[in-house]
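Residue numbers start from 1 in every chain, and the chains themselves are labelled A, B, ... in the order their sequence lines are given, proteins ahead of strands.
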There are 2 protein chains.
Amino acid sequence: MKRDIQKQNEEKLCFELAEFFKIFSDSTRIRILNLLKRQELSVGDIAEELKMHQSAISHQLRILKQSRLVKVRREGKNSFYSLDDEHIEIILQYGIDHINERGK
Amino acid sequence: MKRDIQKQNEEKLCFELAEFFKIFSDSTRIRILNLLKRQELSVGDIAEELKMHQSAISHQLRILKQSRLVKVRREGKNSFYSLDDEHIEIILQYGIDHINERGK
DNA sequence: TGTTTATATGAATAAATGTTCATTTGTTTT
DNA sequence: AAAACAAATGAACATTTATTCATATAAACA
């Protein structure tokens with residue numbers, strides 16, 4: 001029965017892993033994270049930069065916030081978003097390395 | 001104009017990154033990779049282990065194969081799949097570490 | 001207070017993705 | 001050659017996810 005519990009935990013971890021990588025599986029979210037690597041930005045800034053509707057950006061920022069990858073700071077009418085996880089850049093860099101190496 | 005090219009490349013990379021992480025964003029694929037970490041397995045073995053239809057497994061294996069994460073070896077009527085990318089375990093481990101650390 | 005501006009949110013819609021079903025292909029066995 | 005088995009595949013279907021649209025909330029300012 002110990003084996004079953006072990007197996008269950010492993011299964012659970014697989015689902016969590018998929019959930020985790022899902023966050024990075026959308027190009028809009030990656031592009032947002034990429035912008036925030038450089039500097040804190042407002043929703044409007046991001047929307048303009050990515051040439052997308054404010055609403056679409058807001059929705060994606062919500063997902064990133066819930067995943068604790070970004071944090072918000074309200075200043076007057078603006079919401080300024082910035083990265084909130086020092087691992088993000090490492091993870092993205094890992095992906096970049098893999099893509100580059102694969103290209104060879 | 002140099003800046004524009006730079007920006008274009010960056011955009012392209014963001015799409016490629018999303019594509020890359022998308023492979024790991026499905027729990028069936030993660031569970032398959034997790035099984036293959038231990039040993040080479042046939043399609044039927046995997047289907048039985050995951051209690052899923054052979055067809056569903058085949059479809060997912062095709063995606064993993066196209067992404068060069070697994071390789072196939074045909075032996076008689078069976079197709080044996082195994083990992084084909086030494087980075088997979090590292091990437092998955094990175095995700096696991098992140099999940100564990102987040103839990104604190 | 002009423003108006004404007006920035007952001008957030010719910011619901012509708014659109015698009016992408018995964019699974020199932022039916023069938024085909026490739027291989028072994030009789 | 002026919003039957004049996006394993007895997008692959010295309011199409012239909014189901015589910016999930018992202019975007020848009022309409023509207024609400026919240027803050028600033030006239």
Side-chain angles (χ1 to χ4, degrees), chain A residues 11 14-36 39-84, chain B residues 11 14-36 39-84:
Chain A
E11 287 285 283
C14 286
F15 283 98
E16 288 177 335
L17 276 171
E19 282 305 305
F20 173 66
F21 288 116
K22 204 166 284 179
I23 305 166
F24 299 98
S25 72
D26 177 73
S27 61
T28 298
R29 286 194 290 273
I30 296 277
R31 294 201 298 159
I32 291 173
L33 293 174
N34 182 50
L35 289 177
L36 296 181
Q39 60 192 306
E40 179 186 66
L41 290 171
S42 73
V43 179
D45 291 340
I46 298 170
E48 186 179 19
E49 182 73 31
L50 300 186
K51 293 183 180 60
M52 289 179 66
H53 290 175
Q54 170 268 318
S55 176
I57 301 300
S58 257
H59 281 298
Q60 295 305 332
L61 282 170
R62 192 163 55 84
I63 292 171
L64 291 171
K65 193 174 60 181
Q66 284 173 343
S67 312
R68 300 188 180 285
L69 295 185
V70 304
K71 59 174 187 285
V72 214
R73 177 177 71 80
R74 186 100 195 190
E75 186 181 309
K77 284 177 292 188
N78 297 291
S79 290
F80 287 98
Y81 284 82
S82 58
L83 299 188
D84 189 31
Chain B
E11 287 285 284
C14 287
F15 283 98
E16 288 177 333
L17 275 172
E19 284 303 307
F20 173 66
F21 288 115
K22 204 167 286 180
I23 305 167
F24 299 98
S25 72
D26 177 74
S27 61
T28 299
R29 286 192 291 274
I30 296 276
R31 294 200 298 159
I32 291 173
L33 294 174
N34 183 50
L35 289 178
L36 296 181
Q39 60 192 305
E40 179 186 65
L41 290 171
S42 72
V43 179
D45 292 340
I46 299 170
E48 186 180 19
E49 183 74 30
L50 300 186
K51 293 182 179 61
M52 288 179 66
H53 292 173
Q54 170 267 320
S55 175
I57 301 300
S58 259
H59 280 298
Q60 295 304 332
L61 282 169
R62 191 163 56 83
I63 292 171
L64 291 171
K65 193 173 62 182
Q66 284 172 344
S67 311
R68 300 188 181 283
L69 295 185
V70 303
K71 58 176 187 283
V72 213
R73 177 177 72 80
R74 186 100 196 192
E75 186 181 308
K77 284 178 290 190
N78 297 292
S79 289
F80 287 98
Y81 284 82
S82 58
L83 299 189
D84 189 32

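Of the candidates dT27(C), dT5(C), dA8(C), the closest approach to any side-chain atom of Ser79(A) belongs to dA8(C).
Contacts between chain A and DNA chain D, taken as any atom within less than 4.0 angstrom of a protein heavy atom, begin and end at dT17(D) to dA28(D).
Closest approach of Ile23(A) to Arg29(A), counting heavy atoms only: O-NE, 2.8 Å. Residue Phe15(A) comes nearest to Ser27(B) through the heavy atom pair CE2-OG, 3.2 Å, listed as atom of the first residue, atom of the second, then distance.
As rounded to whole Å, 12 Å separates atom C1' of dG26(C) from atom CG of Asn78(B). For the pair Ile63(B) CD1 and dA16(C) C1', the computed distance is 12 Å after rounding to whole Å. Note: NZ (Lys77(A)) to P (dA8(C)) measures 14 Å, nearest angstrom. Atom pair Tyr81(A):OH and dA6(C):P shows a separation of 15 Å (rounding to whole Å applied).
Map Glu75(A) and Lys65(B) each onto its nearest nucleotide of DNA chain D; the residue landing nearer the 5' end is Lys65(B).
Each of Asp26(A), Ile63(A), Leu64(A), Leu41(A) was scored for a side chain to side chain contact (heavy atoms under 4.5 Å, CB included) with Ile32(A), with one residue passing: Leu64(A).
Checked by atom type and distance alone, the side chain of Ser58(A) never pairs as donor or acceptor with a backbone atom of Ser55(A) at under 3.5 Å. Judged by distance alone, the side chain of Arg31(A) and the main-chain N or O of Ile46(A) form no donor-acceptor pair under 3.5 Å.
Around atom CZ of Arg73(B), more than 12 heavy atoms belonging to other residues, nucleotides or ligands sit under 6.0 Å away.
Sorted by residue number, the members of residues 43-62 of chain A with any non-hydrogen atom under 4.0 Å from DNA chain C read Val43(A), Gly44(A), Gln54(A), Ser55(A), Ser58(A), His59(A), Arg62(A).
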Problem set entry | Audit row: Leu17(B), Asn34(A), side-chain contact (heavy atoms from CB on, under 4.5 Å) steps and yes/no | CA-CA 11 Å; Leu17(B) 275 172; Asn34(A) 182 50; over 6 Å; no
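Phe20(B) pairs by the ring pair (Phe, Tyr, Trp, His ring centres under 6.0 Å) definition with His98(A), Phe24(B), not counting sequence neighbours.
Using a 4.0 Å heavy-atom cutoff across all strands shown, Phe80(B) reaches no nucleic acid atom at all.
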